[in-house]
**Student:** 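Starting off with a structure, shown below.
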Amino acid sequence: MDVSVSPDSAGSRGSRGSRGSRGSRGSRRSLGSPVFPGVDAAALDVDVSAEVAALYSDGITARKGAFTPEWADRLGEDVAKAFEEARSRPGGAVGRGPNRYYVEIHPEQIRGFVELVDHPWVRSLCTATLGPDYRIVELGFDVPLEGAVNQPWHRDFPMPEETRRERRLTSLAFNVTTVDTEEDMGPFEIAPGTQWDDSEDFEHGMFPPKADYDRYLRRAVRKYPRRGDISARTALTIHRGTANQSAKSRPVLVLGVDGPEANNGERHDAAVTRAYWETLPERVRRHLDCAIVDELTPVTQLHTIEGLVMGDA
């Protein structure tokens, strides 16, 4: 079976946690070797050569049973609590189509955050794909509720110039389901191999013209992850959430990771308290790119192009 698995005051971010440089550039990858230059995939904690190749061919890969179902259940409890809090205040959750929400959260809101970002498969795949200076820039979750409809086919942001010029991936999105996905719950659907699609006809650089939908439908693969599974994808691969015809929600955690050149972190506002920062392993601190503050402020979601095109929740 396939798995998907998919602040302080304004104007001040406080000190930040990552020592990676956004301006540095790795050399162009050699043909036939998508692994980041200078990285020996076989020498990492997990040999992820096949997974990196899958990211470059299909645009998605996965690891079944990376975590226990019990770990995923705790994650589900944390997501449910954060979702309830976010919906109780203006700007806490943003629509991604009818009955579908996205919420950005802080690492401290997830009890298993360290286990997630320090998982050997996650660390190895980030290093092999993005290089040793990768940065964790986003933590959030998507929730398709009962009545969520098919989203338009889309990618999550316009194609970066490095990808356009060099066919090189500069970021990854990890997805972790909190439930066992069933057909009527609106599974994630992806069109493998479309991460390289590049056309001036893409609206906002993200939404392909409807004339191309038949091509995506022919390629489309639905994913049915179970609790404990995790996936990684390039968010450039054309995908969509499908209609949730059940009475159950299908929450999915999203972990966004940038390579040295990517700037997705500029769209996110994750933060950690100084006390929490002190508890983190150095290996995690090295990659966590977020504000370090005395007290957390709930993240306020901004209206985005995705929300405008997909419609209100």
**Student:** Using 4.0 Å as the upper bound for N to carboxylate O, is an ion pair formed by Arg96 and Asp142?
**Tutor:** no
**Student:** Answer yes when Asp197 and Arg215 have at least one side-chain N-carboxylate O distance shorter than 4.0 Å, and no when they do not.
**Tutor:**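 Arg215 and Asp197: salt-bridged.
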**Student:** Identify all side-chain donor-acceptor contacts of residues 86-94 below 3.5 Å with residues at least two apart in sequence or on another chain.
**Tutor:**
| from | atom 1 | to | atom 2 | distance (Å) |
| --- | --- | --- | --- | --- |
| Ser88 | OG | Glu85 | O | 2.5 |
| Arg89 | NE | Glu85 | OE1 | 3.4 |
| Arg89 | NE | Glu85 | OE2 | 2.6 |
| Arg89 | NH1 | Val299 | O | 3.1 |
| Arg89 | NH2 | Glu85 | OE1 | 3.4 |
| Arg89 | NH2 | Val299 | O | 3.2 |

**Student:** Should the pair Glu182-Arg250 be classified as a salt bridge under the 4.0 Å nitrogen-to-oxygen rule?
**Tutor:** no
**Student:** For Thr234, check side-chain contact (heavy atoms from CB on, under 4.5 Å) against everything at least two apart and list the hits.
**Tutor:**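 For Thr234 the side-chain contact (heavy atoms from CB on, under 4.5 Å) partners, ignoring immediate neighbours, are Leu169, Gln195, Leu236, Thr237.
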**Student:** Report, as yes or no, whether the 6.0 Å neighbourhood of atom CD on Glu161 holds more than 12 heavy atoms from other residues, nucleotides or ligands.
**Tutor:**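 More than 12 within 6.0 Å, yes.
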**Student:** Going by an N to O cut-off under 4.0 Å, is there a salt bridge joining Glu261 and Arg168?
**Tutor:** yes
**Student:** Is there a donor-acceptor pair under 3.5 Å between the side chain of Arg285 and the backbone N or O of Glu278?
**Tutor:**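 A pair under 3.5 Å: yes.
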**Student:** Is Arg219 salt-bridged to Asp58, going by a charged N under 4.0 Å from an acidic O?
**Tutor:**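 Between Asp58 and Arg219 there is no salt bridge, as every charged N stays at least 4.0 Å from the carboxylate O atoms.
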**Student:** Does a salt bridge link Asp180 with Arg227, judged by any charged N lying under 4.0 Å from a carboxylate O?
**Tutor:** yes
**Student:** Aromatic ring centroids of His154 and Phe202 under 6.0 Å?
**Tutor:** no
**Student:** I'd like to check Asp156 versus Arg233 (side-chain heavy atoms, cut-off strictly below 4.5 Å). Are they in contact?
**Tutor:**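 Asp156 reaches Arg233 side chain to side chain.
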**Student:** Would you find a donor on one side and an acceptor on the other, under 3.5 Å apart, between the side chain of His204 and the backbone of Met206?
**Tutor:**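 Absent.
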**Student:** Is there a salt bridge (charged side-chain N to carboxylate O under 4.0 Å, His left out) between Lys64 and Asp229 once you walk through the steps?
**Tutor:** CA-CA 4 Å; Lys64 292 184 179 182; Asp229 296 342; over 6 Å; no
